[in-house]
Amino acid sequence: MSLKDAGTSPSAEQKPALPLPWQAEIWRQWLQQMQDGRLPHAILLSGLPGLGKRTLARALAHYLLCEQPQATEPCGRCSSCQLLDSGFHPDWHSLEPEAPGKAIKVDQVRDINTQVQQSAQRGGYKLVLIWPAEAMNLNAANALLKTLEEPEPRTQFVLVSDQPSALPATLRSRCQQWPIKPPDQATGQAWLSCQLTQEQNPEILLKAAGGRPLQAVKLATPELEEPRQLLLQTLEAMTRGADPSEQAARLKNFPLQDLLDYLQSWLADTLRLKLVGEAGVADSRQLPLYRNWQQLLSSQQLLNLDAEFKQAHHQLLTNPNNELFIEKLLIRLTEELGHE
Ligand SMILES: [Zn+2]
């Protein structure tokens with residue numbers, strides 16, 4: 001399979017790992033650096049979530065650890081490639097928080113430092129992926145800094161971060177930084193259309209995801225699609241005057257954080273519809289709802305509700321009763337819609 005074909009493969013987590021189509025230029029530069037023997041020992045991949053940063057990091061790991069790499073890609077057949085696929089390559093080290101949202105601790109970094117000081121078990125490269133790099137607490141970052149200042153030969157560090165500005169400047173300066181940008185629309189849509197079912201619209205989803213193709217795939221998953229549909233139906237019913245208490249009961253298992261995020265982004269979209277028209281709308285799947293809201297709510301009302309829902313985020317920390325919390329939000333919306 002050539003690099004070009006990677007764009008039409010059915011999955012981003014394909015085997016062997018290959019860069020995504022919009023990462024082709026970075027990949028070309030890396031190949032050149034490898035050929036010239038000047039690939040920096042620490043790389044920082046940054047960019048918004050949903051651009052395939054980890055896919056690119058995995059592609060580099062596959063290429064560096066492959067025993068028979070081809071001109072532009074790993075062979076996918078050697079025992080090293082197979083070990084990577086199984087997730088048990090002894091020279092591949094992944095440093096992540098022990099649980100999502102937690103910090104990467106200094107002991108975890110020390111552990112990695114010890115391992116990279118030993119020679120590679122399979123005689124080639126050692127590769128360390130740190131994700132998300134901003135999860136390292138200060139002690140962890142300092143421990144890593146020491147290792148990066150005195151690099152071991154044939155040891156490659158790849159730091160992946162959605163928020164590189166949260167990393168200590170000293171650490172950033174030890175890495176060669178590679179920001180990943182969203183693809184142009186045609187490239188993003190072409191890749192996305194191969195990941196979706198025929199009924200799903202790549203153009204709408206890519207726009208709703210802010211141009212980030214992997215985020216668009218996520219938006220299309222049933223786990224996210226069903227709650228979105230339920231919320232949409234509920235809000236449409238309320239816009240026609242349905243009782244907020246009854247509607248709150250339908251939503252009682254809805255994660256509150258997600259509910260607030262949806263409400264705020266849909267209010268913002270309605271405001272964009274008002275101000276700049278349909279072209280300004282981010283997620284056009286809700287356009288019929290936006291059109292109704294646009295007629296019933298003034299710009300000031302939209303801004304007021306947005307401010308109130310923003311404020312409601314703070315109440316989430318105190319574990320409110322789901323149904324009561326949702327009922328309160330819906331009653332406020334009903335009042336503004338003029339159905340009180
Ligand atoms: Zn291989």
Side-chain angles (χ1 to χ4, degrees), residues 1-45 47 51-96 111-133 147-148 151-160 175-176 178 180 183 187 190-191 194-195 213-214 217:
M1 181 165 42
S2 76
L3 188 55
K4 206 163 140 267
D5 293 332
T8 52
S9 130
S11 161
E13 297 287 325
Q14 56 206 301
K15 300 172 185 180
L18 293 172
L20 295 159
W22 54 94
Q23 300 164 344
E25 176 51 26
I26 293 179
W27 189 248
R28 191 193 62 73
Q29 293 185 42
W30 283 358
L31 289 171
Q32 189 62 54
Q33 287 183 330
M34 284 184 245
Q35 208 178 350
D36 301 343
R38 54 178 180 86
L39 185 71
H41 70 284
I43 283 173
L44 170 58
L45 287 179
L51 295 173
K53 299 186 293 296
R54 274 182 300 156
T55 304
L56 183 59
R58 285 181 66 241
L60 182 64
H62 260 247
Y63 195 80
L64 286 176
L65 296 173
C66 175
E67 286 154 18
Q68 290 148 346
Q70 332 231 311
T72 61
E73 56 197 60
C75 76
R77 289 181 300 274
C78 71
S79 54
S80 213
C81 281
Q82 284 173 8
L83 280 169
L84 271 171
D85 281 340
S86 70
F88 294 106
H89 196 294
D91 299 316
W92 156 261
H93 307 283
S94 185
L95 188 52
E96 292 174 31
D111 215 30
I112 292 285
N113 286 348
T114 310
Q115 297 195 49
V116 297
Q117 276 159 17
Q118 293 154 9
S119 43
Q121 295 202 34
R122 295 185 61 82
Y125 262 90
K126 287 162 284 182
L127 204 132
V128 181
L129 172 75
I130 305 177
W131 175 80
T147 304
L148 296 187
E152 297 287 327
R154 288 166 80 74
T155 303
Q156 183 66 46
F157 282 86
V158 184
L159 284 69
V160 174
C175 303
Q176 191 170 73
W178 293 87
I180 311 292
T187 307
W191 178 84
C194 302
Q195 323 295 319
L214 278 73
V217 172

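Starting from 1, each residue takes its place in the sequence as its number. Indexing begins at 1, ligand by ligand and atom by atom, following the structure's order.
Inspection of the Thr155 and His41 side chains reveals no N or O donor paired with an N or O acceptor under 3.5 Å. Using a 3.5 Å distance cut-off with no hydrogens or angles, the side chains of Glu25 and Gln29 do pair a donor with an acceptor.
Pro213 is listed as a side-chain neighbour of Pro183, based on a closest heavy-atom distance under 4.5 Å.
Looking at Gln156, its side chain does come within 3.5 Å of a backbone N or O of Pro40 through a donor-acceptor pair. When atom types are taken as modelled, the side chain of Ser80 and the backbone of Leu65 share a donor-acceptor pair closer than 3.5 angstrom. In this structure a side-chain-to-backbone donor-acceptor pair under 3.5 Å is present from Lys126 to Val116.
By the criterion of a separation under 2.8 Å, the protein N/O/S atoms near the Zn ion (ligand 1) amount to Cys66 SG, Cys75 SG, Cys78 SG, Cys81 SG.
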